[in-house]
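In what follows, chains are A, B, ... by sequence order, proteins preceding strands, each numbered from 1.
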2 protein chains.
Amino acid sequence: MTSNNLTPDIFSLSIPALAIDIVIFTVYKWSLYLLLNQRTEDWPEKWKYILPGWIVRSGLSLEENFDNILQNRTGIKWVYKEQLYTFWDVNRDPRWHVVSVTYYALVSSDLFMQNVDLTKVHIIDYSRIDEISIWYDHEKIIKYAKQRLDWKLEYTNIVKNILPQEFTLSRMQAVYESILDTKLDKRNFRKKIASLNILKDTWNLDKSTNRPAALYSFSDNELKIVGIL
Amino acid sequence: MTSNNLTPDIFSLSIPALAIDIVIFTVYKWSLYLLLNQRTEDWPEKWKYILPGWIVRSGLSLEENFDNILQNRTGIKWVYKEQLYTFWDVNRDPRWHVVSVTYYALVSSDLFMQNVDLTKVHIIDYSRIDEISIWYDHEKIIKYAKQRLDWKLEYTNIVKNILPQEFTLSRMQAVYESILDTKLDKRNFRKKIASLNILKDTWNLDKSTNRPAALYSFSDNELKIVGIL
DNA sequence: GCAAAAGTGTTTGGTCTACACCCATGA
DNA sequence: TCATGGGTGTAGACCAAACACTTTTGC
C-alpha cells in the first residue's frame, strides 16, 4: 500500500452510520441508578434493555445531536456529560455497520424527576445490573462508564453534578458510599472535604431530618482535579 | 421532535467521513519527541506540521485501519496505543465534514529507529512544540495527549512501552524526568519502584557506562494501575 | 424523655521528602 | 589515579485511618 492508495475516495471511505449512546447515572433515594430504554416492539429481542442512543443526523452539530437524542430517548433536557469511548465494530449492530460515540452522564435526582419521561426510560438499580438482560455489548459499555465514574468521583469534584444545588454533608457522603459501594468514616470525610475548600456554607438548614443539618453548595463551577478520597 | 422523527434514514443520517489521527510519543536520547507529518505539496498550508492520520476505509476493522494509517504515514509497524478522544466539528477540515477518532501512542526508541521512515515523518522535540506551526487544531490534540500521557505515567506502568525490553533504573528515571519535566531524587525513585514489585532483575549488565548498571525488565505485561510517583 | 441523625478531636502508623557519600569501572 | 555514573540509608514532616461521645430537634 503506497501513499497514493490513501487518496481520499468518498465512496469507499464513508462509513454507513454514526451513533451516540449515553450511560446516564443518577442517585435516587440512597442508591445508584441507571437510565435505560427497552427495545421497542418492532425490533428483535424487544425485552432487552438498551442504552439511550440513536443514529446521529448530519447537518447538526454533535451537541445538537446529543441533546435531541437525550430528550427523545429520556425526556431529560440537560445532563452533565463526558465523552467515554468510541466503539467501532462492523458486527456490532446486526442491522448495519455502526460506529458509536459513547458518553457517560450524571443527573441530580431533582433535575431528573422534573423532566424524565418514565414511559420512555426505565430506572434500574445499578446493584441489580447483573440480573437484567442487556442488549449486545451495552453491558460492557455500562461497566466501563461505571469505572470512569468511580475514578472521577475520587479525583475530581464531579459529584456536584449528581447532588442538588444545596445538600448536607451526610447526603454528599451517602452519594460517595452508594456509588463506590463502601462505608466512609464520617469525621474523616468531613475533615477531608473541609480541607479542600470546594464548598461554601449557604447558612440554610435542612429541617427534614430530626436535628437540622447545615446545607452546603459548591463554591466553584469548574471541574477541578482534587484528590477527594 | 417525536420518536418517529428518529426512524433511521440512512441518507440523512450518514456522515461523510471518519478519520484516525495519531499522536505518537517517543523518548530519543534524553528528550521527549513527537512524530509529525508535514502537509504535502498539493495541499494548502503545506509547511505546517500535522498529526499522522487519514480517512478510514470502510470494510476494514478499526485495527486494520489504524495499522495501515500508521505504517503509511510513518513506516512504523507497531506502537502501543490508547484511544484519546473523538473530535467532531463540521468546520474542522475545510475540505469536508470529518469526525476524527484520535489516539495517542508510545514507541520505544529502538523499535522506532528500526522501522521509521524519516522521509515521511519528522521527529520534533516536544519542548519546541510551541515554536513550530501546527495545522488547525492538531496542537490542541497534542496537548491533550500529553496531559493523558503525564497522568498515565504517574498512575500506571505504561512507561514500559517507551523503554526498551531491558533498561537500567537510571534510564527509567530519565524517561520520567524528561516527560514530566522534573528532577527526581535517585534514592526515593529507586525505593518507590522497588516497593511496587513491577520489575525483575535480568542479571544482565549495561556496560556502556563506566560502572556497569543492572538491567531490569517489567515482570508483567498487563497495564496496571499503580501510583508510581 | 427518647429516638434519630448531626456534629466534633486525638492518637497512631505509614508514606513522602530531603539529603551525601562510597563503589566499580574505563580511560 | 581520576573522572563518570551506579548504587545505597536515615531522620523529620506530613497525611490517612481508626475510633466514641455529645448535641439538637421532632414526636
Student: Give the rounded distance in Å between these two atoms: CZ of B/Arg171 and P of D/dG7.
Tutor: 15 Å
Student: Using the ring of each side chain (for Trp, its six-membered ring), is A/His138 parallel, tilted or perpendicular to A/Trp135, with breaks at 30° and 60°?
Tutor: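 Because their plane-to-plane angle is over 60°, the rings of A/His138 and A/Trp135 count as perpendicular.
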Student: Do the side chains of A/Asp130 and A/Lys143 get close enough for a salt bridge, i.e. N-O under 4.0 angstrom?
Tutor: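 Salt bridge between A/Asp130 and A/Lys143, a charged N being under 4.0 Å from a carboxylate O: yes.
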Student: Show every ring-ring contact (aromatic ring centres under 6.0 Å, His included) that has at least one partner inside residues 192-227 of chain B, sequence neighbours left out.
Tutor: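 Every ring-ring contact (aromatic ring centres under 6.0 Å, His included) pair that includes a residue of residues 192-227 of chain B, provided the two are not neighbours, is B/Phe167-B/Phe218.
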Student: When you check the side-chain N and O atoms of B/Asp206 and B/Thr168, is any donor under 3.5 Å from an acceptor?
Tutor: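 Note: B/Asp206 and B/Thr168 side chains miss the donor-acceptor criterion.
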Student: Could you check how far CD of A/Glu154 sits from P of D/dA16, rounded to whole Å?
Tutor: 13 Å
Student: Starting at NZ of A/Lys207 and ending at P of C/dA5, how long is that distance when rounded to a whole Å?
Tutor: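 The distance from NZ of A/Lys207 to P of C/dA5 comes to 18 Å, rounded to the nearest Å.
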Student: Are the charged groups of A/Glu63 and A/Lys81 less than 4.0 angstrom apart, N to O?
Tutor: yes
Student: Quick one: label A/Lys186 by what it contacts on the DNA or RNA (base, sugar-phosphate, nothing), any heavy atom closer than 4.0 Å.
Tutor: base
Student: Using atom CZ of A/Phe189 as one end and atom P of C/dT8 as the other, report the distance to the nearest whole Å.
Tutor: 14 Å
Student: Take the angle between the ring planes of B/Tyr126 and B/Phe25 and call it parallel below 30°, perpendicular above 60°, tilted in between.
Tutor: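 Judged by the thresholds at 30° and 60°, the geometry between B/Tyr126 and B/Phe25 is tilted.
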Student: Is the side chain of A/Thr156 donor-acceptor paired with the backbone N or O of A/Ile158 at a distance under 3.5 Å, no angle test?
Tutor: yes
Student: Any side-chain N or O of B/Arg190 below 4.0 angstrom from OP1/OP2 of D/dG7?
Tutor: yes
Student: With distance as the sole criterion, do the side chain of B/Arg211 and the base of C/dA24 form a donor-acceptor contact below 3.5 Å?
Tutor: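 Not at all, since no donor on one side and acceptor on the other fall under 3.5 Å apart.
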Student: Tell me the interatomic distance from A/Leu169, atom CG, to C/dG7, atom C1', rounded to whole angstroms.
Tutor: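 In whole Å, C/dG7 C1' lies 10 Å from A/Leu169 CG.
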Student: Over how many whole Å does the gap from B/Asp206 atom CG to C/dT25 atom P extend?
Tutor: 13 Å
Student: For every nucleotide of nucleotides 10-19 of chain C, 5' to 3': is a protein heavy atom under 4.0 Å from its base (B), only from its sugar-phosphate (S), or from neither (-)?
Tutor: B-----SBBB
Student: With hydrogens left out and only the distance checked, is there a donor-acceptor pair under 3.5 Å joining B/Asn210's side chain and the base of D/dT4?
Tutor: yes
Student: Under 4.0 Å from OP1 or OP2 of D/dT4: is there any side-chain N or O of B/Thr209 that close?
Tutor: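 Negative; the distance criterion is not met.
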Student: Just how far, in rounded Å, is P of C/dT8 from CD1 of A/Ile193?
Tutor: 14 Å
Student: Grab the CZ-P distance between A/Phe167 and C/dA5 for me, whole Å please.
Tutor: 20 Å
